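All values derive from a computational prediction rather than experimental measurement. Keep in mind that the numbers below use all heavy atoms, side chains included, and drop hydrogens, waters and symmetry copies.
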Amino acid sequence: MLEKFLKPYNPSETEQRLYDAWETSGSFNPDNLPESEGRPPFSVVLPPPNVTGVLHLGHAYEDSLQDAVIRFQRMRGKRALWVPGTDSAAIATQARVEKEYSKRRGESRHDLGREELVRRVYEFAKNSEDTILSQVRRMGASLDWSRYAYTLDEKREKAVTTAFVRMYEAGLIYRGHRIVNWDPKGQTTISDDEIVYQEEQTTFYYFKYGPFTIGTARPETKFGDKYVVIHPDDARYKEWKHGQQLELEWINGPITATIIKDESIDMAFGSGVMTITPWHSMVDFEIAERHGLDKEQIIDEYGKLLPIAGEFAGMKIADARPKIVEKLHQKGLVVKEEPYTHNIATAERTSCIIEPQIKLQWFVDVNRHFSLSHSEIPGIESGSTLTLKELMRAAVERGGVDMPQEGFRKAYFHWIGNLHDWCISRQIWFGHRVPVWYRGEEAFCGTEAPRGNDWEQDPDVLDTWFSSALWTFSTLGWPEKTDDLAKFHPTSFMSPAYEILFLWVSRMILMAGFHLGQVPFKTIMIHGLVRDSKGRKFSKSLGNGVDPLEMIDKYGADALRMGLLVGTALGNDIRFDESKVKGYKHFANKLWNIARFVLENAEKAGVTTLEPNPALVPADLAHLQTLNALTKEVTDDFENYRIYLAADKLYHYAWHELADKILEESKPILASDDETAKTSRAQLLLFLLDRTLRLLHPFMPFVTEEIWQSMPTKDADFLMVARWPDV
RNA sequence: GCGCUCUUAGCUCAGUUGGUUAGAGCGUACGCUUCACACGCGUAAGGUCAUAGGUUCGAAUCCUAUAGAGCGCACCA
């Protein structure tokens, strides 16, 4: 019976077998738990990994953290649900398939056609989903696979179109010509949050513009500039009146310019005078909007100059800039040049410099008032009128979403303060298509195509974060009124990386608030990034990747989980340390040997039950009290999401208290002739082991389960569904 | 510019609401075939808790300033 304990603990022999046994038992699905109906719900949705991706340490960390919480709550008697899913990662996935196709055939997606491309991308995504899913399983994640969701499956498609239509009908989604971040390489718009600012050394030019001197870092945009903007309080230019016109010589000949007075001008910067290019600058666009000015396009969607540039038309920006400056020199219009350092906007995905463009796009209006007919959010009453911005703010400010980390709260509110309308249309083919159809001047927005001929659907798809924002409730069956939705939403807890606080977390709050009058989750604990041992991000180009599966092969999933969780305070970045993982592999083996010792002695003493009140001597009672105190602390740590502390304490207890002290002091007792003392001691040890296994199970599910299966005292088929000790 | 986080043993990090001699893993030195475990046991070395002030009976923990590291947001044409 104890034969398996004669060899060191072997994770690779154990883990797959146990995971299969758990999965087969059906216990990942909370509906199958004993007395399921009476249990209070506890739900978490897994941040869906990219369906075509592979597991990295960031996933491994999140899986460890959430699985620990879910396992704890399940053992505590909650109806614990953890919903798995994957994300289409539309832009990346389409780009990959397109690239492969064009490499083979030398043709573009347009040769393939929309329908065929989408079919192939979908097929590619579905074919590779097994990889990531089996990898998540290897972490020991106790996800309810019967509720698996994919961002582009039929149910989620319905949720997305329904959400769009309802927001459109409420006037919160509109289509308009507005300035957007255009990625000339990706040939699509991107949101503000997908921009990365990079420092650039460049030249700042001062040009003679009629009687003024204007400064610019972008001479190539200046062809169409015909407005001179001055601060109304600037004494240097007070003789110039708003709306006044003047003739002057410019790059390609004489032009008529108009004076505009606007308070957005910084008098101290440059000469205090600027000309504007509304088509290619956010700030300029806003000035032009305020004063109703003309807007002209200078640069096309591929980053080339348009005919307005005259002799420079058709040139790329980088080539044109020096030539334009040269011409201005010849015309005597260059006043001076100085070196200049500034940040330029680049696209996160393509690293291409963003060229703002005015485009006809779909937007979510975050400043428009609407009536929230039903609200369960604390501090927001049903029927109140507010904007989406106010909704997002109030949900956190008034405690609907508990965001205890002060730093992240501040960042969140600050972000909301700066929030602009959210551009949600993207010019790619793979994704949720905008549910709007056009026929001439008519437009129809609905969950299904309108009847009649000649309707054409909008070619754009939605920002992937639009569908992700619905994730907490689209995975539970919304827009249908499902039992799951009633029971499990709002979800209990979410722990995303700070990277996606704005991209995802805030948008979930927006969507759950608008569509359900609920928050998406009651508590949010934001965690840091897993980095390499030098503190760098893991990246392909650095080649510093650590494969979690390799770690599991080497040390076991339990060791990896502990290595990632112990001593990593939530919110700070984590430097991955392989030696730590190794240490916890040794710990798994230590537990194994503690079990062997305890079980051997229990067997010898004939102890096979956990007496409710074993006959204990005072020394034994003290050991019980120590463990009771620890149990209380660990329970408390779990409930307050101080998981890293709970894990540390249990490690310390098992090794340095149970093994080093209690087992050692038990040896002479167990070797003595005092049968009563022996039995009592064996009884105590069995009890302590049983309790330790329960407490450690959320962190090290495999080794604790494997030992539990040999316990003479087990009171459930699996430790996974055994009860957490009461305190 | 505004804001956030971090600075604790050689390395990677804990230290929850301020409370007895500051902890863990790995590493280092020495000694152990002790019958649960060498994936082990024992012993030891190693920290002015970035710096300077302050609050307090008491501070790694709270406040202020400084230095260094990192990050976020906003950007000035």
Looking only at side chains, do [X] and [Y] share a donor and an acceptor under 3.5 Å apart?
X	Y	value
A:Lys226	A:Thr258	no
A:Asn628	A:Arg691	yes
A:Ser12	A:Asp553	no
A:Tyr498	A:Asp573	yes
A:Asp192	A:Trp422	no
A:His527	A:Glu62	yes

- Task: Determine the contact category for A:Lys554: base if any of its heavy atoms lies under 4.0 Å from a base atom, sugar-phosphate if only primed atoms, P, OP1 or OP2 are that close, otherwise nothing.
- Result: nothing
- Message: Counting the atoms with a prime plus P, OP1 and OP2 as sugar-phosphate, which does A:Asn418 contact under 4.0 Å by heavy atoms, base, sugar-phosphate, or nothing?
- Response: sugar-phosphate
- Message: Tell me every residue that passes salt bridge (Lys or Arg N to Asp or Glu O under 4.0 Å) with A:Arg218, counting only those two or more places apart in sequence or in another chain.
- Response: A:Glu220, A:Glu355
- Message: Taking salt bridge (Lys or Arg N to Asp or Glu O under 4.0 Å) as the definition, give me every residue that meets it alongside A:Glu337, ordered by chain and number, with sequence neighbours left out.
- Response: none
Quick one: list whatever passes ring-ring contact (aromatic ring centres under 6.0 Å, His included) with [X], sequence neighbours left out.
X	answer
A:Phe285	none
A:Phe212	A:Tyr237, A:Trp240
A:Tyr412	none

- Parallel, tilted or perpendicular: which fits the ring planes of A:Phe312 and A:Phe223, with parallel below 30° and perpendicular above 60°? tilted
Separation of [X] atom [atom1] from [N] atom [atom2], in whole Å?
X	N	atom1	atom2	value
A:Gln405	B:U17	CD	C1'	17 Å
A:Ile416	B:C4	CD1	P	17 Å
A:Tyr651	B:A24	OH	P	9 Å
A:Glu657	B:A24	CD	P	14 Å
A:Ile195	B:C75	CD1	P	9 Å
A:Gln198	B:A74	CD	C1'	17 Å
A:Phe502	B:C71	CZ	C1'	11 Å

- Listed in order of residue number, which residues of residues 210-219 of chain A have a non-hydrogen atom at under 4.0 Å from RNA chain B? A:Gly215, A:Thr216, A:Ala217
- Using a cut-off of strictly less than 4.0 Å between a heavy atom of the residue and any atom of RNA chain B, enumerate the qualifying residues of residues 287-296 of chain A by number. none
- Item | Contact letters for nucleotides 29-40 of chain B, in which S counts primed atoms plus P, OP1 and OP2 and B counts the base, heavy atoms under 4.0 Å | -------BB-BS
- What residues form a side chain to side chain contact (heavy atoms under 4.5 Å, CB included) with A:Ser264, not counting sequence neighbours? A:Asp262, A:Ile287, A:Arg290
- Query: Among all residues two or more places apart in sequence or in another chain, which pass the side chain to side chain contact (heavy atoms under 4.5 Å, CB included) test with A:Asp577?
  - Reply: A:Ser579, A:Lys580
- Ranking B:C75, B:U16, B:A24 by distance to the side chain of A:Asp637, first place goes to B:U16
- Query: So what does the secondary structure string of RNA chain B come out as, 5' to 3', with Watson-Crick or wobble pairs under 3.5 angstrom, [ ] for crossing and | for pairs with another strand?
  - Reply: (((((((..((((.....[...)))).(((((.......))))).....(((((..]....))))))))))))....
- Item | B:C73 OP1/OP2 closer than 4.0 Å to side-chain N/O of A:Tyr197 | no
- Does A:Asn181 use its side chain to pair, donor to acceptor, with the backbone of A:Ile190 at less than 3.5 Å? yes
- Task: Pick the P atom in B:U8 and in B:G58, then give their distance to the nearest Å.
- Result: 26 Å
Would you tabulate the pairs of protein nitrogen or oxygen atoms and nucleotide nitrogen or oxygen atoms of nucleotides 10-15 of chain B closer than 3.5 angstrom?
| unit_1 | atom_1 | unit_2 | atom_2 | d |
| --- | --- | --- | --- | --- |
| B:C13 | OP1 | A:Arg575 | NE | 2.8 |
| B:C13 | O2' | A:Gly567 | O | 2.5 |
| B:A14 | O5' | A:Gly567 | O | 3.0 |
| B:G15 | OP1 | A:Tyr644 | OH | 3.1 |

- Query: Using 4.0 Å as the upper bound for N to carboxylate O, is an ion pair formed by A:Glu664 and A:Lys667?
  - Reply: yes
